[in-house]
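Working notes for the structure below.
Here the structure is a predicted model, which is why all the values come from computation and not from measurement. Naming: A, B, ... by sequence-line order, numbering from 1 per chain.
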2 protein chains.
Amino acid sequence: MGLLSAMREDTIAQNLRRIRNEKGISLSRAADQTGVSKAMLGQIERQESSPTIATLWKISQGFGMPLSFLLQEVTCTESCGAVRFPGSISVRIVFPYDAMLGVETFEITLSPGQFHQSEAHVAGLVEDIFVLSGGMELHVDETERQLSQGQAVRFAADQPHAYRGLDEGAVFLNTHYYGRGAF
Amino acid sequence: MGLLSAMREDTIAQNLRRIRNEKGISLSRAADQTGVSKAMLGQIERQESSPTIATLWKISQGFGMPLSFLLQEVTCTESCGAVRFPGSISVRIVFPYDAMLGVETFEITLSPGQFHQSEAHVAGLVEDIFVLSGGMELHVDETERQLSQGQAVRFAADQPHAYRGLDEGAVFLNTHYYGRGAF
DNA sequence: TAGCTTTGTGCGTTATAACGCACAAGGGGC
DNA sequence: GCCCCTTGTGCGTTATAACGCACAAAGCTA
């Protein structure tokens, strides 16, 4: 399962530059906000230095955000909480995307025989299904399994997968974990 | 909500020492496994040095675990996934505790009028409720709210809270997030 | 265009991370 | 008790993190 987003060498550099750009501030303004020198911030962004954890903490505090936002490889930026359900599938939002938890939950309704194909979501996304009523099929990993009321399954959703409502249709909870877990 | 577990100055030291003790290895063995010198590991454990992120990464890789296990303040060690439901309350495990996600899910059944008091769970624990059938009351934050089928609520569960089944009883999903989100 | 301000980079200096090694203390075996 | 090994700490050395400052280039305004 692809949840463990390994930190690659440029993760911190990319994150810092992206966050600074999102804030629309220069290195100087960032230095003012964080108490870390402009020269050091530039070094970090250019990967010319391996900062201490204390320096990274200063940056995250100065920007008013969690430290993990600097450290964790971001597999979704605008696409966090952006799973869409194209077509006529019926979707109710149970819990909207929560940036701190990195989780969102929907209630989905499939009519009898209705088939819904989902393309691979962003890397690392894990998905839970809990069947509220009726029955359905889940197609993933080249396997096909049937789920009835009360049954639950968790799978890696950064691969294509599909649902099909059985004869009585199905209503299920669909939770997405966006890789905000351990890394 | 208490999910943001701020990193305190001794978090890394405590985590490193705890993990090493859990493995039952000396500083020398740890140095062999991680490629970080014995002297440096000792300095980190005694908080005499602020390690670079590269060094911490080496340690986490050497121990074969996520970097976040070193950085994140652990609000539960043996108590992760350890929420218990004392009394006659009926509980089914839907998803057991997952250390990478830091999440577990139960299906709980309350008979009509049944009252269940829960003491504060570990610091930072967040809880979701989704009512599958029937109706219930939730008592938390000195407020009391009624939830009927299909309704959901999220709240900080590191404080005392209580459930009561209404006249038709209640069945609900109960998800615990153990603070493995952003930090 | 000229002048001023902003921006990011490079450089030299200082403080400290990270290391290898030595050693005192503790533990285990004979 | 003696000897050997293990363990954690301290120390001196080297490499590098982090800084302040200077400066070239870019951007903006009159």
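When the options V91(A), N174(A), V171(A) are evaluated for a side-chain contact (heavy atoms from CB on, under 4.5 Å) with E107(A), the one that passes is V171(A). Under the ring pair (Phe, Tyr, Trp, His ring centres under 6.0 Å) rule, H176(A) has a single partner from F106(A), F155(A), Y97(A), which is F106(A).
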If you restrict it to nitrogen or oxygen atoms, what contacts under 3.5 Å exist between nucleotides 8-14 of chain C and the protein, and what is each distance?
from   : atom 1 : to     : atom 2 : distance (Å)
dG8(C) : OP1    : R20(A) : NH1    : 3.4
dG8(C) : OP2    : L27(A) : N      : 2.7
dG8(C) : N7     : K38(A) : NZ     : 3.3
dG8(C) : O6     : K38(A) : NZ     : 3.2
dT9(C) : OP2    : R46(A) : NH1    : 2.8

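The aromatic rings of F115(B) and H139(B) lie perpendicular to each other, with more than 60° between the two planes, well past the 30° mark.
Along DNA chain C, the nucleotide closest to R29(A) and the one closest to S49(B) are compared, and the more 5′ of them pairs with R29(A).
Look at CG on L41(A): it is 14 Å from P on dT7(C), rounded to the nearest Å. We find that CE of M40(A) is positioned 12 Å from C1' of dT16(C), with the value rounded to whole Å. With rounding to whole Å, I44(B) atom CD1 is found 14 Å from dG8(D) atom P. I12(B) has its CD1 atom 14 Å from the C1' atom of dA17(C), to the nearest Å.
Neither OP1 nor OP2 of dA18(D) sits under 4.0 Å from any side-chain N or O of S37(A). Distances shown here put a side-chain N or O of T52(A) below 4.0 Å from the OP1 or OP2 atom of dA18(D).
When the side chains of ILVMFWY residues are joined at heavy-atom separations under 4.5 Å, either directly or via intervening members, I89(A) and V94(A) end up in two distinct hydrophobic clusters. When the side chains of ILVMFWY residues are joined at heavy-atom separations under 4.5 Å, either directly or via intervening members, W57(A) and L16(B) end up in a single hydrophobic cluster.
The two residues A152(B) and F130(B) have their closest heavy-atom pair at CB-CD1, 3.9 Å.
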